[in-house]
Participant: 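After the C-alpha cells below, expect a handful of questions from me.
Side-chain atoms are counted along with the backbone in the values below, which use heavy atoms only and exclude waters and symmetry mates. Residues: numbered from 1 along the sequence shown. Please read all numbers here as calculations on a predicted model, not as lab measurements.
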Amino acid sequence: MVDEFLVIFKRGNLGMHKEKKLLEEIEKQRLEMINLTLQTSLSSQEVIQISQNLDCLLNKYDKSVKEKTNGQR
C-alpha cells in the first residue's frame with residue numbers, strides 16, 4: 001500500500017515538473033514571438049515558425065494536464 005502511494009506520488013511530482021518546464025518554455029516562446037512581431041510583421045516566416053512551436057507546446061501542456069486529471073479519478 002505504501003509502495004503504491006510512493007509510486008503515484010513520484011509520478012505526480014514528475015508530472016508537475018514537466019508541466020512547470022512546459023509553462024516556462026511557453027512563456028519564453030510567447031515573449032519571443034511578441035518581440036519579433038514588434039520588429040517584423042505577423043506574417044513573417046520567423047513569427048509563423050515560433051507560433052507553430054508555441055501551438056505544439058500548448059498542445060503538450062493541455063495533454064499533460066488532461067492526463068493528470070484523468071489519472072486522479
Side-chain angles (χ1 to χ4, degrees):
M1 190 72 115
V2 172
D3 290 272
E4 289 176 71
F5 174 77
L6 289 174
V7 168
I8 292 168
F9 181 76
K10 287 179 183 176
R11 283 183 189 158
N13 281 345
L14 211 68
M16 287 193 315
H17 179 71
K18 179 181 171 184
E19 287 172 14
K20 183 179 177 186
K21 287 290 189 187
L22 279 170
L23 286 173
E24 289 171 358
E25 186 61 27
I26 287 167
E27 184 63 12
K28 179 182 166 189
Q29 292 284 313
R30 188 183 72 80
L31 291 173
E32 186 177 341
M33 186 174 70
I34 290 168
N35 289 330
L36 194 56
T37 58
L38 295 173
Q39 299 168 12
T40 61
S41 70
L42 287 172
S43 60
S44 77
Q45 196 58 38
E46 291 174 289
V47 172
I48 292 169
Q49 183 62 51
I50 292 173
S51 177
Q52 290 171 341
N53 292 343
L54 190 52
D55 285 345
C56 289
L57 289 170
L58 288 166
N59 288 335
K60 284 182 186 180
Y61 179 76
D62 186 53
K63 182 180 177 184
S64 176
V65 169
K66 285 180 181 177
E67 287 174 354
K68 182 179 171 184
T69 304
N70 288 338
Q72 292 179 351
R73 289 181 184 180

Participant: What distance separates Glu25 CD from Glu32 CD, expressed to the nearest 0.5 Å?
Facilitator: 8.5 Å
Participant: Of all the heavy-atom pairs spanning Glu46 and Leu36, show the shortest one and how long it is.
Facilitator: CB-CD2, 3.3 Å
Participant: Does the pair Glu67 and Lys63 meet the rule for a side chain to side chain contact (heavy atoms under 4.5 Å, CB included), with working shown?
Facilitator: CA-CA 6 Å; Glu67 287 174 354; Lys63 182 180 177 184; 3.0 Å; yes
Participant: Counting only heavy atoms from other residues, nucleotides and ligands, does the tally under 6.0 Å from CD of Glu27 exceed 12?
Facilitator: yes
Participant: Is a donor from one side chain sitting under 3.5 angstrom from an acceptor on the other, for Gln49 and Gln45?
Facilitator: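 No.
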Participant: Main chain of Leu58, side chain of Asp62: is a donor-acceptor contact present, judged purely on distance under 3.5 Å?
Facilitator: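 No; zero donor-acceptor contacts below 3.5 Å.
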Participant: Report whether Ile48 and Leu57 are members of the same hydrophobic cluster (ILVMFWY, side-chain heavy atoms less than 4.5 Å apart, transitive linking).
Facilitator: no
Participant: Distance check, rounded to the nearest 0.5 Å: Thr37 atom OG1 versus Asn35 atom CG?
Facilitator: 7.5 Å
Participant: Looking at CG of Asp55 and CD1 of Ile50, how far apart are the two atoms once the value is rounded to the nearest 0.5 Å?
Facilitator: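 CD1 of Ile50 is found 12.0 Å from CG of Asp55.
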Participant: Can you measure from OG1 (Thr40) to CE (Met33) and round to the nearest 0.5 angstrom?
Facilitator: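 Reported to 0.5 Å precision, the distance equals 11.0 Å.
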Participant: Could you tell me whether a side-chain N or O of Ser51 sits under 3.5 Å from a main-chain N or O of Val47, the two making a donor and an acceptor?
Facilitator: no
Participant: Nearest 0.5 angstrom please: Ser64 OG to Leu22 CG, how far?
Facilitator: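 Ser64 OG to Leu22 CG: 6.5 Å, rounded to 0.5 Å.
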Participant: To the nearest 0.5 Å, what is the distance between CD1 (Ile26) and CG (Asn53)?
Facilitator: 12.0 Å
Participant: Do Val65 and Leu23 share a hydrophobic cluster (ILVMFWY, side-chain heavy atoms under 4.5 Å, transitive)?
Facilitator: yes
